[in-house]
*Asks:* 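Below you will find the structure I want to go over with you.
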Protein chains: 2
Amino acid sequence: MKSFIEVHETSHFPIQNLPYGIFSTEENQNLRVGTAIGEYVLDLSILENKGFFKGVIATETTVFNKTSLNDLMKLGDKAWSGIRKKLQSLLSESEPELRDDEQLRKLVFIPSSKVQLHLPVEIGDYTDFYASKEHATNVGVMFRGKENALMPNWTHLPVGYHGRASSVVLSGEAVRRPLGQIKPPDSAPIFEQCRQLDFELEMGCFIGTGNDRGNPISVDEAEQHVFGMVLVNDWSARDIQAWEYQPLGPFLAKSFATSISPWVVTMEALEPFRTKGPDQKPKPLQYLEQNGKGSFDINLEVYLRSNKMSEAKKICSSNYRHLYWSIAQQVAHHTIAGCNLNSGDLLASGTISGADKQSRGSLLELAWRGTDPIQLNEEESREWLQDGDELTMIGWCQGENYRVGFGEVKAVIEPALDKDKVLKKNHLSYF
Amino acid sequence: MKSFIEVHETSHFPIQNLPYGIFSTEENQNLRVGTAIGEYVLDLSILENKGFFKGVIATETTVFNKTSLNDLMKLGDKAWSGIRKKLQSLLSESEPELRDDEQLRKLVFIPSSKVQLHLPVEIGDYTDFYASKEHATNVGVMFRGKENALMPNWTHLPVGYHGRASSVVLSGEAVRRPLGQIKPPDSAPIFEQCRQLDFELEMGCFIGTGNDRGNPISVDEAEQHVFGMVLVNDWSARDIQAWEYQPLGPFLAKSFATSISPWVVTMEALEPFRTKGPDQKPKPLQYLEQNGKGSFDINLEVYLRSNKMSEAKKICSSNYRHLYWSIAQQVAHHTIAGCNLNSGDLLASGTISGADKQSRGSLLELAWRGTDPIQLNEEESREWLQDGDELTMIGWCQGENYRVGFGEVKAVIEPALDKDKVLKKNHLSYF
């Protein structure tokens with residue numbers, strides 16, 4: 001399959017991908033849906049308006065002249081498949097309809113550099129799983145010792161928790177170092193800026209079609225409900241987390257920001273990269289039993305650049321397939337007690353760590369809780385993230401001479417607010 | 001203050017209250033905003049349409065002909081106050097404008113019995129705190145023993161966690177007993193229906209105006225951001241919870257349903273019932289330090305009726321003022337690390353238990369984890385909720401010859417789905 005649009009073989013966005021995103025341009029500030037192809041964004045709202053999706057999408061429905069992907073996501077997997085086929089056909093090098101219509105091409109293809117991307121989805125609820133055995137084990141060893149590293153429930157169910165949807169932000173938005181309550185080992189808790197700021201390499205999937213409350217989605221039907229995936233950086237304040245998290249789980253340590261990549265890669269684009277996840281022992285209970293290949297071979301890398309460095313340093317190479325619990329198992333588990341998932345819900349994987357040191361998906365693990373700093377260059381090392389650090393995650397599937405990629409999720413760490421100023425804002429007294 | 005509408009002194013909805021809700025009628029199925037007064041619902045969308053709020057709400061804004069309260073809530077506390085004054089004046093026995101306009105009265109006053117109520121707010125994020133010291137201590141004693149009952153962080157910060165917004169439902173909607181993974185003491189985990197179904201007596205507040213990500217709300221400004229309060233029943237599956245909750249907190253044990261009462265009582269209506277909460281020792285850190293009275297004197301009762309009983313039995317009498325952490329402290333803490341609250345977010349209190357046995361706000365505590373069943377009548381007792389049980393919570397503030405009340409939050413327990421049928425739905429195989 002090849003497009004008339006030239007696409008380099010290392011590009012993340014060949015005709016095999018066609019992810020969806022929300023964009024605007026200087027000339028047209030309306031938010032609308034586009035797909036990425038090579039170095040261009042294709043404006044799908046114009047194609048829809050000109051009737052290119054007649055027969056694929058019900059005529060009264062508009063899904064591309066929208067400020068989020070939610071309406072597209074609600075259409076369901078048959079429609080997603082139809083739209084994808086139509087787009088691949090339109091973009092194919094052998095199809096003259098768009099290829100030879102120079103006027104239309106000028107209208108609908110916009111160079112990526114001239115495009116402003118926006119948060120692609122209105123996220124209702126955000127759930128974060130804990131699906132990497134290596135990550136859960138590493139954290140367990142550090143906090144509870146080798147013997148009690150994995151909690152007894154971990155191999156029986158995909159442990160997860162409710163995250164904060166309001167602070168999910170787009171790649172590129174700066175992340176301010178949080179203030180919070182921290183407990184030094186030898187004193188009462190203090191109000192201070194976070195000193196153990198961390199990233200977490202994750203991926204997330206968006207629910208396309210949900211379920212009614214009280215009606216679980218089976219593991220075999222689960223993937224039909226999933227629209228696509230993005231890269232997720234689940235920023236974490238480890239010192240705030242350590243003090244606050246018992247007994248109800250992480251709260252402020254995570255809710256100051258969670259960054260996602262702008263392009264949602266569809267499950268259909270990922271299909272050729274389907275692979276088997278790790279063997280599951282003990283065998284999961286029947287409602288979690290999944291036949292076939294439930295994982296995907298997605299290369300993941302993390303780069304760190306301090307404000308003194310001109311080039312970023314790769315600090316982690318991992319792969320999505322390391323995850324123990326699959327997306328289908330996460331969806332089935334999430335709904336088994338009756339919880340309703342809605343279109344637009346985000347389910348993140350939890351930190352993706354592999355078996356070797358280089359594949360650990362957080363600074364907590366890479367620098368082993370600050371005891372083994374990672375070296376960035378001859379002058380700089382890191383136990384935790386510093387102000388000015390730029391953290392970038394990329395992800396892609398490697399095909400034969402092409403890549404299906406996720407682009408990147410990137411953000412710079414901004415200094416914390418002045419805590420004395422924050423406290424002065426207090427006691428302005430309004431009673 | 002008295003209205004020309006007759007209101008009994010035990011009614012929850014005198015002119016001193018004027019809570020907001022969303023309703024429809026058989027004749028007009030459009031969802032719209034109303035207020036409750038005595039035995040009537042006042043249709044505010046008609047009053048707005050007729051220009052009664054000119055000068056109070058900006059002329060281009062419509063907030064009452066809406067399917068949720070969110071637009072009203074976004075207006076901010078000065079507008080809320082202006083609208084309330086206008087309504088109290090319109091309804092006052094001394095004001096002829098509405099009192100003497102029989103035609104208009106027929107149009108705007110609808111008997112409560114003819115009204116269908118709906119979920120009042122589009123909830124973005126739902127947070128559940130754990131603000132009762134007695135509840136946290138009781139749970140701690142049962143699960144960790146007397147010495148380690150309260151976690152060391154508990155007296156230093158309002159412990160809370162992210163809940164599930166999608167499964168917050170209106171009073172009256174049935175609650176299906178969940179299925180899930182349960183760990184018997186002497187075997188591997190099993191897939192079974194919940195055997196330890198519980199309620200939690202809580203109250204929740206709705207955020208009216210939020211904050212930008214990265215910019216905390218100070219404790220002194222916090223209440224200005226809060227629109228009003230409702231009763232909350234945070235249904236809990238204790239056996240599912242016990243197995244799943246470590247280390248990231250409750251997940252499926254809570255997300256199958258959370259019920260709220262339909263009328264949102266404004267903070268201004270609660271103002272006369274402001275009171276001091278419990279003394280806080282140790283003194284909280286400065287960002288949590290609150291001067292003045294931060295709590296409210298709200299009587300709370302829980303009633304249980306099995307399907308064999310004709311009348312419900314009162315099983316709990318508690319009071320909101322028992323809560324250790326105030327709403328202002330919860331809001332200040334929630335935002336201190338940078339988390340952004342949005343209009344429509346729900347912050348629940350956590351189970352409200354007092355010092356004496358009768359005031360414990362969950363069956364877990366009332367029947368002491370099943371070891372001390374409560375007696376409903378000569379034939380029936382309860383360790384946990386049974387199918388067919390109807391659970392009702394009511395709440396009100398007692399004024400001199402009037403009450404400012406919350407009405408009720410009520411639901412019946414439905415039997416679980418047949419687990420074999422749920423498993424058969426599995427393995428229809430779609431690969």
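Only this structure's heavy atoms are used, side chains among them; waters, hydrogens and symmetry mates stay out. Residue numbers start from 1 in every chain, and the chains themselves are labelled A, B, ... in the order their sequence lines are given, proteins ahead of strands.
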*Asks:* Could you check which of A:P216, A:G163, A:A253, A:A136 has the highest count of heavy-atom pairs closer than 4.5 Å to chain B?
*Replies:* A:G163
*Asks:* Could you state the interatomic distance from NE2 (B:H156) to CD1 (A:I190), rounded to the nearest 0.5 Å?
*Replies:* 12.5 Å
*Asks:* Do A:Q181 and B:Y287 have side chains that approach each other closer than 4.5 Å (heavy atoms only, starting at C-beta)?
*Replies:* yes
*Asks:* What part of B:P152 gets within 4.5 angstrom of chain A, counting heavy atoms only: side chain, backbone, both, or neither?
*Replies:* both
*Asks:* Is it the backbone or the side chain of A:L248 that comes under 4.5 Å from a heavy atom of chain B, or both, or neither?
*Replies:* both
*Asks:* I'd like to know which of A:G338, A:G214, A:A257, A:G124 tops the heavy-atom pair count under 4.5 Å against chain B.
*Replies:* A:G214
*Asks:* Give the minimum heavy-atom separation between A:Q246 and B:N153, together with the two atoms involved.
*Replies:* O-ND2, 3.0 Å
*Asks:* Dump the intermediate steps for side-chain contact (heavy atoms from CB on, under 4.5 Å) on A:R176 and B:N215, then the final yes or no.
*Replies:* CA-CA 10 Å; A:R176 179 173 284 166; B:N215 287 303; 3.6 Å; yes
*Asks:* By a 4.5 Å heavy-atom criterion (distance strictly below it), what part of B:L417 contacts chain A: side chain, backbone, both, or neither?
*Replies:* side chain
*Asks:* I'd like to verify something: which residue of A:Y161, A:W243, A:F191 has the highest number of heavy-atom pairs under 4.5 Å with chain B?
*Replies:* A:W243
*Asks:* Can you classify the ring geometry of A:F251 versus B:H162 as parallel (below 30°), tilted (30 to 60°) or perpendicular (above 60°)?
*Replies:* tilted
*Asks:* Given heavy-atom pairs under 4.5 angstrom as the criterion, report whether the side chain, backbone, both or neither of B:R213 touches chain A.
*Replies:* side chain
*Asks:* Return the option, out of A:A416, A:G180, A:P247, with the maximum number of heavy-atom pairs under 4.5 Å with chain B.
*Replies:* A:P247
*Asks:* By a 4.5 Å heavy-atom criterion (distance strictly below it), what part of A:V139 contacts chain B: side chain, backbone, both, or neither?
*Replies:* neither
*Asks:* Would you compute the distance between atom CG of B:D125 and atom CD1 of A:I123 and round it to the nearest 0.5 angstrom?
*Replies:* 10.0 Å
*Asks:* To the nearest 0.5 Å, what is the distance between CD (A:Q286) and NZ (B:K419)?
*Replies:* 9.5 Å
*Asks:* Measure distances from B:L252 to the heavy atoms of chain A and classify the residue's part below 4.5 Å as side chain, backbone, both or neither.
*Replies:* both
*Asks:* Heavy-atom pairs under 4.5 Å with chain A - which of B:A188, B:P189, B:C194 has more of them than the others?
*Replies:* B:P189
*Asks:* What residue in B:V159, B:T335, B:V169 has the most heavy-atom pairs under 4.5 Å with chain A?
*Replies:* B:V169
*Asks:* Using non-hydrogen atoms and a 4.5 Å limit, figure out which bit of A:A242 sits close to chain B: side chain, backbone, both or neither.
*Replies:* neither
*Asks:* Mind ranking A:T127, A:I336, A:D345 by heavy-atom pairs under 4.5 Å with chain B and telling me who comes out on top?
*Replies:* A:I336
*Asks:* State, yes or no, whether a side-chain contact exists between A:K183 and B:L157 at a heavy-atom distance under 4.5 Å.
*Replies:* no
*Asks:* In terms of heavy-atom pairs under 4.5 Å with chain B, which of A:W154, A:F143, A:Y130 leads?
*Replies:* A:Y130
*Asks:* With distance as the sole test, does A:S166 use its side chain to make a donor-acceptor pair with the main-chain N or O of B:N340 at under 3.5 Å?
*Replies:* yes
